2 protein chains.
Amino acid sequence: MKEGPDIAFLGSLIGDPARANMLTALLSGKALTASELAAEAGITPQTASTHLSKMEAGGLLQQRRQGRHRYFALADDDVGSLLETMMGLAAKKGHLRTRTGPKDPALRYARVCYNHLAGDLGVRMMDSLLAKGFLTPENEGLGLTDDGRAFAEGFSIDLEPLEKSRRPMCKSCLDWSNRRSHLAGSLGSALLTRFYDLGWARRIEGSRIVAFSPRGEKAFLDAFAL
Amino acid sequence: MKEGPDIAFLGSLIGDPARANMLTALLSGKALTASELAAEAGITPQTASTHLSKMEAGGLLQQRRQGRHRYFALADDDVGSLLETMMGLAAKKGHLRTRTGPKDPALRYARVCYNHLAGDLGVRMMDSLLAKGFLTPENEGLGLTDDGRAFAEGFSIDLEPLEKSRRPMCKSCLDWSNRRSHLAGSLGSALLTRFYDLGWARRIEGSRIVAFSPRGEKAFLDAFAL
DNA sequence: TTCATAGTTCGATGCTAGCCGAAGCATATA
DNA sequence: TATATGCTTCGGCTAGCATCGAACTATGAA
């Protein structure tokens, strides 16, 4: 009758404020130690430890031991994408933890979503790739067209390893600030890395903001015109 | 302390087993009454009531009063897609066990809803009346057009007493097997009575089934063509 | 009118789970 | 070795909340 309330378990896992804070912190894509996450959530290490083992057992996190540290990260892209979806719905319904802060506009403009680009620029990139026919909607997902392959390789992205991986190359991820989709998957991740390498953008320490340089921003807007 | 949407609140809302059961039931797309949802979750109506008001306040549900029933449905598509995302992430072995509408095909086809016609034929009648311009959506309700008045009177329905009554003449009523609207109100009631009088249909004792005779069914389908 | 049904509100109860202090491991450095 | 740090386990405390019985409201049926 009441066989394993799956989503209830998942919901309760995310439903605790301390755990939600940790997950949000991990959404930046960086792996963090247990102590850092405890500080992030504002709780003692003991409490954080139980939370972390619960989330790991629940499949939300993966952990890597390194010396006497334990680094935690989101288990996979799907977890990150679920968190973004929830943020989108929460924002839409007006459930905000605090009023919008000064960092808010920068966050809305460009930020990391786990390991790919989100925000206004992320959505623009997705729109541009679709408009130019580089990406195309496929059954239940996104596909890369031949033109798209050429474009990616022109960006010095080696597609071969991406295709051999079991990880989906193109996925759409709902943007919580724009209510539109942006590009996730290994290609989305590779593109963001490329932006860093090109010097177009860099991460702001301690936040999810991706800061584009003036030249980088111009290059980006040219590359992903609408 | 932290900026951004409150996913913990959303998570805790979904994180309770009883609430998750109700939400999963509603994921079928059909609107269900509070009692049905209580049975679905295996809890008493009192408990269900508090859960439902919480979920409504949290923006997950919308409710529609229908006589002494309250039909609950997911607030919008975003809620549904979030639930599906969560089900996808959770081990997907849990099968949906929604106790949906009537299993009896005859009940789905034509039955009484209090005093008016529901089921496939009820929905068809509503669709036809709207398509022909006999009924028109008004603010928060339904209105009878001049053409509609003529049609009703051609059906030997005396509109005068209906208009003098405080009871609304035209109301839309959510069909529990079709999840579409059919016609309620005093006009809906009068029409069903007229079908009985014409010998088109009769009630099956001890059930809510409305049995149309072969001739009656043909006449009905002609009268309410699409 | 009176009765029946759908649903809500109130109050009390009991269980769960988050929380922290203290102690125990584990891994580093000296 | 000794000592410090990162993290976990244990025990007990407490707050929150899901739950239900009982009473109440609202609507429909007879």
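All chains are named by letter (A, B, ...) in the order of the sequence lines, taking the proteins before the strands, and each is independently numbered beginning at 1. Scope of the values below: all heavy atoms of this structure, side chains included, with no hydrogens, waters or symmetry mates. Everything quoted here is computed from the prediction, not taken from an experiment.
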Among dG28(D), dT8(C), dT27(C), the one nearest any side-chain atom of Ala34(B) is dT8(C)

Is the phosphate of dT8(C), meaning OP1 or OP2, less than 4.0 Å from a side-chain N or O of Arg70(B)? yes

Could you state the atom-to-atom distance from CZ of Arg65(B) to C1' of dT27(D) in whole Å? 12 Å

Give the B/S/- string for nucleotides 16-22 of chain C, one per nucleotide from 5' to 3', where a protein heavy atom under 4.0 Å of the base yields B, of only the sugar-phosphate yields S, and otherwise -. --SSBBB

Can you tell me how far P of dT27(D) sits from OH of Tyr71(B), to the nearest Å? 16 Å

SB check Arg108(A) Asp120(A) (cutoff 4.0 Å): no

Without placing hydrogens or testing angles, list every side-chain donor-acceptor pair under 3.5 Å for residues 217-226 of chain B, not counting sequence neighbours.
from      : atom 1 : to        : atom 2 : distance (Å)
Glu217(B) : OE2    : Tyr109(B) : OH     : 2.6
Lys218(B) : NZ     : Asp222(B) : OD2    : 3.2

Euclidean distance, atom CD of residue Gln63(A) to atom P of dG6(D) [Å, nearest integer]: 16 Å

Return the value, rounded to whole Å, for the distance between atom CZ of Phe72(A) and atom P of dG6(D). 15 Å

Measure CG/Leu192(B) against P/dA29(D) and give the value in whole Å, please. 12 Å

Given the options Gln62(B), His51(B), Gln63(B), Glu56(B) meets side-chain hydrogen bond (donor to acceptor under 3.5 Å, both in side chains) only with Gln63(B)

Heavy atoms from other residues, nucleotides or ligands near CZ of Arg215(B) exceed 12 (cutoff 6.0 Å): no

Write down the distance between CG (Leu52(B)) and C1' (dA18(D)), rounded to a whole number of angstrom. 14 Å

Check this for me, if you would: do Arg111(A) and Glu84(A) make a salt bridge, where the nitrogen-to-carboxylate-oxygen distance has to be below 4.0 angstrom? yes

Can you find a side-chain donor-acceptor pair between Thr47(B) and Thr44(B) that sits under 3.5 Å? yes

Select base, sugar-phosphate, or nothing to describe what Ser53(B) touches, counting heavy atoms under 4.0 Å on all strands. nothing

